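Read through the structure below, which is laid out as structure tokens, and then see the notes.
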Amino acid sequence: MLDAGVGGARTGAFFDVDETLIPVKSMFDFLAFRLAELGRPPSAYAESAAELRELAASGVPREEINREYYRLYRGASEQELMASGRRWFAARAAVPGFFLEGSVLALRGHLADGAHVVLLSGSFAPCLEPLARALGATAFHGTRPLVADGRLTGEVERPMIGPAKGEAVREYAQRHGLDPAWSHAYGDHISDLPMLEAVGHPHVRADGDPALLGHASQRGWPRVHDPAPATPPGDHGSECVCGCALALWAAPSNHPLTLTTTGDRA
């Protein structure tokens with residue numbers, strides 16, 4: 001069994017989301033979808049993406065780019081964003097290739113073995129909540145925008161990027177009595193390293209970031225392959241909105257879904 005620890009220890013399986021479970025960067029794909037719903041022209045997304053891309057090219061840390069992204073939603077209704085996220089997911093999930101099969105198969109295996117399956121992402125609840133429900137995940141932890149009077153302030157509590165993912169693994173394991181040494185984690189980018197190093201069984205996407213793959217090879221970490229080539233939805237040309245231009249940025253569960261973005265409300 002994948003998730004049987006010593007003495008039957010309870011275990012977890014922690015998954016990065018973008019380009020680990022789905023082939024797009026959900027934050028940016030959702031931004032394009034949301035702007036279109038608001039009747040904004042395609043140039044509105046292009047301008048916002050260009051600004052974030054410039055920050056990445058100038059060496060701004062991913063955590064700060066994550067914060068800058070959420071400033072785009074200053075004043076937006078939290079309730080409306082959640083509803084828009086459900087519509088975004090319904091539209092995208094209907095497109096063949098939206099899920100990366102190798103990772104999803106691994107996730108389902110952990111669920112079948114009774115593990116806590118937790119999604120960790122720099123994305124936020126509008127994207128993560130419907131995704132977690134569809135996959136049967138136990139919980140998700142993403143970047144949590146600050147909200148006042150039902151509207152986003154433009155600031156966040158903690159970007160779920162880099163070291164924060166490792167902290168989230170340890171916090172969740174301690175809160176739920178899981179054994180990190182017998183737990184698993186899955187990622188595709190070098191920024192996922194703190195999450196991967198927080199467990200005893202790290203796995204990396206075979207098509208992931210070369211820097212992470214090099215690290216994985218040195219440590220003998222297993223690679224996750226898809227049964228067949230996975231093609232991201234849409235045309236990766238000049239009009240692509242899946243977030244690839246920001247590449248430098250980097251079965252039901254036995255547990256009730258924990259609907260939260262930074263902590264558990266079990």
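In what follows, residues are counted from 1 in the order of the sequence shown. Source: prediction; values computed, not measured.
- Using a 4.5 Å cut-off on side-chain heavy atoms (C-beta onward), H189 and D16 make no contact.
- Here the side chains of K165 and P194 are not in contact, with every heavy-atom distance at 4.5 Å or above.
- For the salt bridge (charged side-chain N to carboxylate O under 4.0 Å, His left out) test, residues two or more places apart in sequence or in another chain that qualify with R87 are E37.
- Judged purely by distance below 3.5 Å, without hydrogens or angles, the side chains of R10 and H176 never pair a donor atom with an acceptor atom.
- Each of H110, R205, M195 was evaluated against Y186; a single residue qualifies, H110, per the side-chain contact (heavy atoms from CB on, under 4.5 Å) test.
- Across all non-hydrogen atoms, the minimal contact from G122 to M27 is O-SD, 3.4 Å.
- Shown here for M160 and G142, the closest heavy-atom pair between the two residues is CB-C, 3.7 Å.
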Mind running side chain to side chain contact (heavy atoms under 4.5 Å, CB included) on F99 and L131 for me, showing each step along the way?
-> CA-CA 10 Å; F99 292 102; L131 180 65; 3.5 Å; yes
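- Once rounded to the nearest 0.5 Å, the distance linking CG of N66 with OG of S191 reads 10.5 Å.
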Step by step, work out the salt bridge (Lys or Arg N to Asp or Glu O under 4.0 Å) result for E167 and R170.
-> CA-CA 5 Å; E167 294 169 3; R170 291 185 288 273; 5.4 Å; no
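- Listed by chain and residue number, nothing satisfies the side chain to side chain contact (heavy atoms under 4.5 Å, CB included) test with A36 (two or more places apart in sequence, or in another chain).
- Ion pairing between a basic and an acidic side chain is recognised when a charged N comes within 4.0 Å of a carboxylate O; K25 and E19 show such pairing.
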Enumerate, atom names and distances included, each donor-acceptor pair closer than 3.5 Å involving a side-chain atom of residues 73-81, sequence neighbours excluded.
unit_1: Y73; atom_1: OH; unit_2: Y69; atom_2: OH; d: 2.7
unit_1: R74; atom_1: NE; unit_2: T153; atom_2: O; d: 3.3
unit_1: S77; atom_1: OG; unit_2: Q79; atom_2: N; d: 3.4
unit_1: S77; atom_1: OG; unit_2: E80; atom_2: N; d: 3.2

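- The aromatic rings of H201 and H184 sit parallel, their planes meeting at an angle under 30°, below the 60° perpendicular limit.
- Heavy-atom minimum distance, P202 versus V199: N-CG2, 4.0 Å.
- The CG atom of L35 sits 9.0 Å away from atom CZ of F30, with the distance rounded to the nearest 0.5 Å.
- Inter-residue side-chain proximity for S84 and F33 is flagged as met; some heavy-atom pair is nearer than 4.5 Å.
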In sequence, state the C-alpha distance, the side-chain angles, and the governing distance for S48 and L31, and then conclude on side chain to side chain contact (heavy atoms under 4.5 Å, CB included).
-> CA-CA 9 Å; S48 296; L31 176 60; 4.2 Å; yes
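- When side chains are defined from C-beta on, L55 does not count as touching E64, because their heavy atoms never get closer than 4.5 Å.
- Annotation: the span from L152 atom CG to L72 atom CG amounts to 11.0 Å, rounded to 0.5 Å.
- With hydrogens and angles ignored, the 3.5 Å screen pairs a side-chain donor or acceptor of T138 with a backbone N or O of V117.
- Between the side chain of D29 and the main chain of V24, no donor-acceptor pair closer than 3.5 Å is present.
- Summarising the local packing, CZ of R40 is surrounded by 12 or fewer heavy atoms from other residues, nucleotides or ligands at distances under 6.0 Å.
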Side chain to side chain contact (heavy atoms under 4.5 Å, CB included) assessment of V104 paired with L21 | CA-CA 6 Å; V104 172; L21 287 169; 4.3 Å; yes
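- Scanning both residues, Y172 and A139, for their nearest heavy atoms gives CE1-CB, 4.0 Å.
- Of the possible donor and acceptor atoms, none in the side chain of T143 sits under 3.5 Å from a partner among the backbone N and O of F124.
- For D188, there are no salt bridge (charged side-chain N to carboxylate O under 4.0 Å, His left out) partners, not counting sequence neighbours.
- Counting only heavy atoms from C-beta outward, the side chains of L135 and F15 never approach each other to under 4.5 Å.
- Shown here for L146 and E157, the closest heavy-atom pair between the two residues is CD2-CG, 3.3 Å.
- Counting only residues at least two apart or on different chains, the salt bridge (Lys or Arg N to Asp or Glu O under 4.0 Å) pairs with a member in residues 209-225 are E197-R219.
- The side chain to side chain contact (heavy atoms under 4.5 Å, CB included) test applied to L105 returns P227, not counting sequence neighbours.
- Two residues are said to be in side-chain contact when any heavy atoms from C-beta on lie closer than 4.5 Å; W88 and C127 meet this criterion.
- Between R133 and E129 a salt bridge is recorded (basic side-chain N to carboxylate O distance below 4.0 Å).
- Within the model, atoms CD of E68 and CD of E51 stand 8.0 Å from one another, a figure rounded to the nearest 0.5 Å.
- Shown here for F89 and A134, the closest heavy-atom pair between the two residues is CZ-CB, 3.4 Å.
- In this structure a side-chain-to-backbone donor-acceptor pair under 3.5 Å is present from S103 to T20.
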Stepwise, does the side chain to side chain contact (heavy atoms under 4.5 Å, CB included) test hold for L196 with L212?
-> CA-CA 10 Å; L196 296 168; L212 179 60; 3.8 Å; yes
